[in-house]
Number of protein chains: 2
Amino acid sequence: MTQTGTAPAGDARARVERAALELFALRGFDAVTTEEVADAAGISRRTFFRHHPTKADAVWGDFARHVARLAELLRNTDPARPILAAVCRAYVDVNDYGPDDLPVLRQRMRLILTEPALQAHSQLRYAEIDRVVAEYVARRTGEAPTDLLPRLVGASTRAAAMTAFAVWLTDDGLSLREQLTRAFDELTEGFPSLRR
Amino acid sequence: MTQTGTAPAGDARARVERAALELFALRGFDAVTTEEVADAAGISRRTFFRHHPTKADAVWGDFARHVARLAELLRNTDPARPILAAVCRAYVDVNDYGPDDLPVLRQRMRLILTEPALQAHSQLRYAEIDRVVAEYVARRTGEAPTDLLPRLVGASTRAAAMTAFAVWLTDDGLSLREQLTRAFDELTEGFPSLRR
DNA sequence: ACACTAACGGCACTCAGTGCCACCGAACAA
DNA sequence: TTGTTCGGTGGCACTGAGTGCCGTTAGTGT
């Protein structure tokens with residue numbers, strides 16, 4: 001596809017994502033049909049489903065690149081660093097958004113963590129992250145990625161990250177990076193705040 | 001439906017769940033229509049959706065009771081026991097299935113952890129558990145259930161439990177209780193196996 | 001015998017997702 | 001210019017999940 005002269009048309013994907021985010025935030029995920037999103041983006045319903053395999057996928061902008069960046073961060077980690085610290089560090093780094101991206105990120109995460117349909121769908125995206133982390137841990141420890149420890153690190157660090165996101169959305173005190181760090185510290189230290 | 005005298009007809013729910021579990025395990029969740037499940041259970045498609053709000057819900061047998069049992073176990077916990085230990089203990093106890101229930105449990109969990117649609121739907125069920133645990137932690141610590149620590153305990157212990165389930169399904173070495181204990185030990189001790 | 005109620009089945013409808021096909025514009029070849 | 005190929009697109013029809021509405025039926029009480 002080469003940009004014809006008239007409309008930019010280059011990134012119909014970006015237009016769809018923007019339209020989806022705004023419509024879903026405004027009226028709720030279930031109350032907006034895919035046809036309305038497609039119309040708002042200036043494409044047909046059929047083309048919408050060519051770009052995004054699912055209505056829910058429209059709110060996840062290039063998530064594959066996000067996962068790839070996390071994998072690369074882990075690949076480039078100093079082998080001397082403890083495994084768990086490396087994973088947490090990569091998690092924080094991959095979520096280091098600039099101030100300009102924060103409004104969109106808030107809108108996106110609020111939808112994902114609030115709308116039941118998106119909350120359910122997110123599990124499929126999270127599974128990709130979990131797998132990347134589990135494979136990294138498996139590489140470091142020599143275990144199989146399907147063994148308990150690699151899977152456990154993947155699942156629990158992801159749980160911590162999503163908890164940090166949820167708290168960041170509601171509480172306005174701390175930055176996302178600070179909330180992530182707080183959560184990871186609790187997790188890696190065995191929940192020191194609970195031991196009196 | 002007119003079999004008043006013949007079939008017990010007492011709990012059509014149980015028949016639906018059995019039929020759904022078998023059909024989904026046999027041919028895959030997406031390849032089986034709700035009408036087929038309804039037919040196999042001897043009810044109409046309309047009645048199927050009266051019993052189960054969703055096709056996916058048919059595989060979760062009385063999950064509300066499961067959550068209620070967990071909440072009760074937590075409520076009856078000795079206040080002297082450390083918070084995290086209490087949560088893990090309750091998790092192990094609520095998942096103490098008898099040998100007769102194990103085959104059905106394996107089938108159910110294999111579906112939930114394998115089929116993408118069920119994997120996604122599971123997030124909505126897990127959220128109920130997370131909330132119960134978070135409320136317990138909040139009661140013990142005096143925080144709000146929406147604060148970071150209560151939420152983090154809920155999300156991470158659940159992640160550990162589901163990881164234990166997944167490993168239990170594939171590895172045949174250890175019992176479910178042992179896998180759960182292994183996972184919880186790693187989590188509560190700050191992943192000792194990763195500190196060399 | 002009569003009314004009341006709760007559960008059921010049938011029907012029609014919306015909407016997500018998919019397969020099929022026809023169309024159009026760009027690039028390329030003769 | 002003419003013809004051909006090709007990737008992106010839109011239209012159309014179809015399946016299947018989920019829902020609202022309504023008529024029917026079984027069970028219960030009086």
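Please read all numbers here as calculations on a predicted model, not as lab measurements. Within every chain, numbering begins at 1; the chains are lettered A, B, ... in the order of the sequence lines, protein sequences first and strands thereafter. All heavy atoms count here, side chains included; hydrogens, waters and symmetry mates do not.
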(message) In whole Å, I'd like the distance from the CD1 atom of A:I43 to the P atom of C:dC23.
(response) 22 Å
(request) Ignoring backbone atoms, test whether A:T34 places a side-chain nitrogen or oxygen under 4.0 Å from the OP1 or OP2 oxygen of C:dA16. (result) yes
(request) For B:R46 and C:dA6, give me the distance from atom CZ to atom C1', rounded to whole Å. (result) 15 Å
(request) Round to the nearest Å and state the distance from A:E36 atom CD to C:dT14 atom C1'. (result) 12 Å
(request) Mind calculating the distance between CG (A:D57) and P (C:dA16) to the nearest angstrom? (result) 14 Å
(message) Starting the side chain at C-beta, find the nucleotide from C:dA16, D:dG16, D:dG10 nearest to A:T33.
(response) C:dA16
(message) Can you tell me if B:T47 touches the phosphate of C:dC8, counting only side-chain N or O atoms and a distance under 4.0 Å to OP1 or OP2?
(response) no
(message) Any donor-acceptor pair, under 3.5 Å, between the side chain of A:R50 and the base of D:dG10, if you only look at N and O atoms?
(response) yes
(message) Do the side chains of A:D172 and A:R106 get close enough for a salt bridge, i.e. N-O under 4.0 angstrom?
(response) yes
(message) Here's a test of your reading of the structure: between A:F48 and B:H51, which maps to the more 5' nucleotide of DNA chain C?
(response) B:H51
(request) Take atom CZ of B:R15 and atom P of C:dA7, then tell me their distance rounded to the nearest Å. (result) 16 Å
(request) Report yes if at least one side-chain N or O of A:T54 is closer than 4.0 Å to OP1 or OP2 of C:dG17; otherwise report no. (result) yes
(message) Please evaluate residues A:R27 and A:E36 with respect to the criterion salt bridge (charged side-chain N to carboxylate O under 4.0 Å, His left out), reporting the C-alpha separation (whole Å), side-chain torsions for both, the decisive distance (0.1 Å), and the verdict.
(response) CA-CA 12 Å; A:R27 294 164 40 204; A:E36 288 174 304; 3.1 Å; yes
(message) How many whole angstroms separate atom NZ of B:K55 from atom P of D:dG18?
(response) 8 Å
(message) Regarding A:V32, tell me which of base, sugar-phosphate or nothing describes its non-hydrogen contacts under 4.0 Å with the strands shown.
(response) sugar-phosphate
(request) Classify the angle between the aromatic ring planes of B:F63 and B:W60 as parallel (below 30°), tilted (30 to 60°) or perpendicular (above 60°). (result) perpendicular
(message) Quick check: any donor-acceptor pair below 3.5 Å linking the side-chain of A:R45 to the base of C:dG17?
(response) yes
(request) Take the protein atom CD of A:E35 and the nucleotide atom C1' of C:dT14, then report the distance between them rounded to whole Å. (result) 12 Å
(message) Under 4.0 Å between a side-chain nitrogen and a carboxylate oxygen: does that hold for B:D57 and B:R125?
(response) yes
(message) Less than 4.0 angstrom from a charged side-chain N to a carboxylate O is my criterion; do A:R151 and A:D147 meet it?
(response) no
(message) Please determine whether a side-chain nitrogen or oxygen atom of A:H52 lies at a distance below 4.0 Å from atom OP1 or OP2 of C:dG17.
(response) no
(request) Using whole Å, report how far CZ of B:F29 lies from C1' of D:dG16. (result) 12 Å
